Number of protein chains: 2
Amino acid sequence: MKVDNPSKHKIQQQEEEEEEAEQMCRTIEVASVVDLSPQPAPVVTGDEVTLIPPLNFSMVDNGIFRSGFPDSANFSFLQTLRLRSIIYLCPEPYPEANTEFLKSNGIKLFQFAIEGHKEPFVNIPEDMIREALKVLLDVRNHPVLIHCKRGKHRTGCLVGCLRKLQKWCLSSVFDEYQRFAAAKARVSDQRFMELFDISSLKHLPMSFSCLKR
Amino acid sequence: MKVDNPSKHKIQQQEEEEEEAEQMCRTIEVASVVDLSPQPAPVVTGDEVTLIPPLNFSMVDNGIFRSGFPDSANFSFLQTLRLRSIIYLCPEPYPEANTEFLKSNGIKLFQFAIEGHKEPFVNIPEDMIREALKVLLDVRNHPVLIHCKRGKHRTGCLVGCLRKLQKWCLSSVFDEYQRFAAAKARVSDQRFMELFDISSLKHLPMSFSCLKR
């Protein structure tokens, strides 16, 4: 007797979806044995330690940060965040110095190759933002830093979609987007956030200050 | 035999300091029996709940938020933060609706009456910022929301002084200040943050992401 097993179909479908997501997201796995001994000392000026957060750095929510592209001057600061992962939203390969930093600090990289087009030729891939949101919402990846090049457009869109999931009204989503994009704010990015459909993500567990506390 | 008791002097000095701080900071104590039962439902548009964060709202660090003046439209959002206290940096009395909101949600108000002068007549009282910082650093007050009128200058200065304690370099402190102040950024505020002496506060325990994690 042939039994149709719907759960098997479900698993298969899930596997296919995961495979698709994997194609969209390049990850760098770090060695499983990670050195968690005290970190190298940050830059010292005189007798004072000085920390240099990356450009456009901010806390988004519990365990979620955003910024522009971090360079080696920012590594000491980033170490204080004890990151578990980074969501990187550009197609360009991650620089060697940054990859080394991730490896020596046990940070996993999730790369989503979103092009940084200028208006009016903007086409933000909704599926990639959706996959990035899933990584972002997974607390096993926290603390996580989201960054692109300048922390304005691609990062702003991903954070904006998160805010929609957090039930923020659109004007507040745009207010935050504009604070980081400043003179470079794009209507097309804001339209993308407005039209982005969150209904398929609503089942995901969320543990953010705005919903949990 | 007369014994000079230095610890007694210390206690007396501490009491005097506390008295002085009390004069600087007006607080509204809430009833000790606080209703922590489920909060009233937020505004519902259609079948969707919509949350409206206050103007210039942002997360500063774990358990610390900043914004402009919240009005009744923002109360549902603020309830999701489960605030324990608010640091209010203006001399004007707190509006009745806001005071009611605090009382019914068990939120303690710390008011520091800093005038909102315009340049070039700016004179930020360093002692008040110092007292506000002590309230801000006390985790028993967390989660805490800092706000003034527009969340730009007074709030920006207090957060900037916190960042100095967190060992941020000045250019990053100013970068953050300017993100919120935008076209209204003041050189005098930035000079205030630069000159603000944090040495007397360094002994205070801090449990922020940038230092603890």
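Note that this is a predicted model, so its numbers are computed, not measured. Note on naming: letters A, B, ... go to the chains in the order of the sequence lines (proteins, then strands), and numbering restarts at 1 for each one.
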**Study point:** Check: A:Met59 and B:Asp61 side chains under 4.5 Å, non-hydrogen atoms
**Key:** yes
Point to revise | Greatest number of heavy atom pairs closer than 4.5 Å to chain A - which of B:Leu78, B:Leu55, B:Asn56, B:Leu170 | key: B:Asn56
Revision key, fill the gap. If you tally heavy-atom pairs under 4.5 Å between each of A:Ser58, A:Pro53, A:Ser172, A:Pro54 and chain B, the highest tally belongs to A:Pro53
Exercise for review: Decide side-chain contact (heavy atoms from CB on, under 4.5 Å) for B:Lys167 and A:Thr80; before the verdict, give the C-alpha distance in whole Å, the side-chain angles of both, and the deciding distance to 0.1 Å.
Suggested key: CA-CA 11 Å; B:Lys167 305 189 191 303; A:Thr80 67; over 6 Å; no
Study note, to complete from the structure: B:Phe57 and A:Arg179 have their tightest heavy-atom pair at O-NH1, 3.2 Å
Review point. Within a radius of less than 6.0 Å around NZ of B:Lys149, do more than 12 heavy atoms belonging to other residues, nucleotides or ligands occur?
Key: no
Point to revise | Partners passing ring-ring contact (aromatic ring centres under 6.0 Å, His included) against B:Phe101 (at least two apart in sequence or in another chain) | key: B:Phe75
Practice item. Please round to the nearest 0.5 Å and tell me the distance separating atom CD of B:Gln166 and atom CZ of A:Phe77. Key: 8.0 Å
Practice item. State which residues pass ring-ring contact (aromatic ring centres under 6.0 Å, His included) with A:Phe192; sequence neighbours excluded, sorted by chain then number. Key: A:Phe196
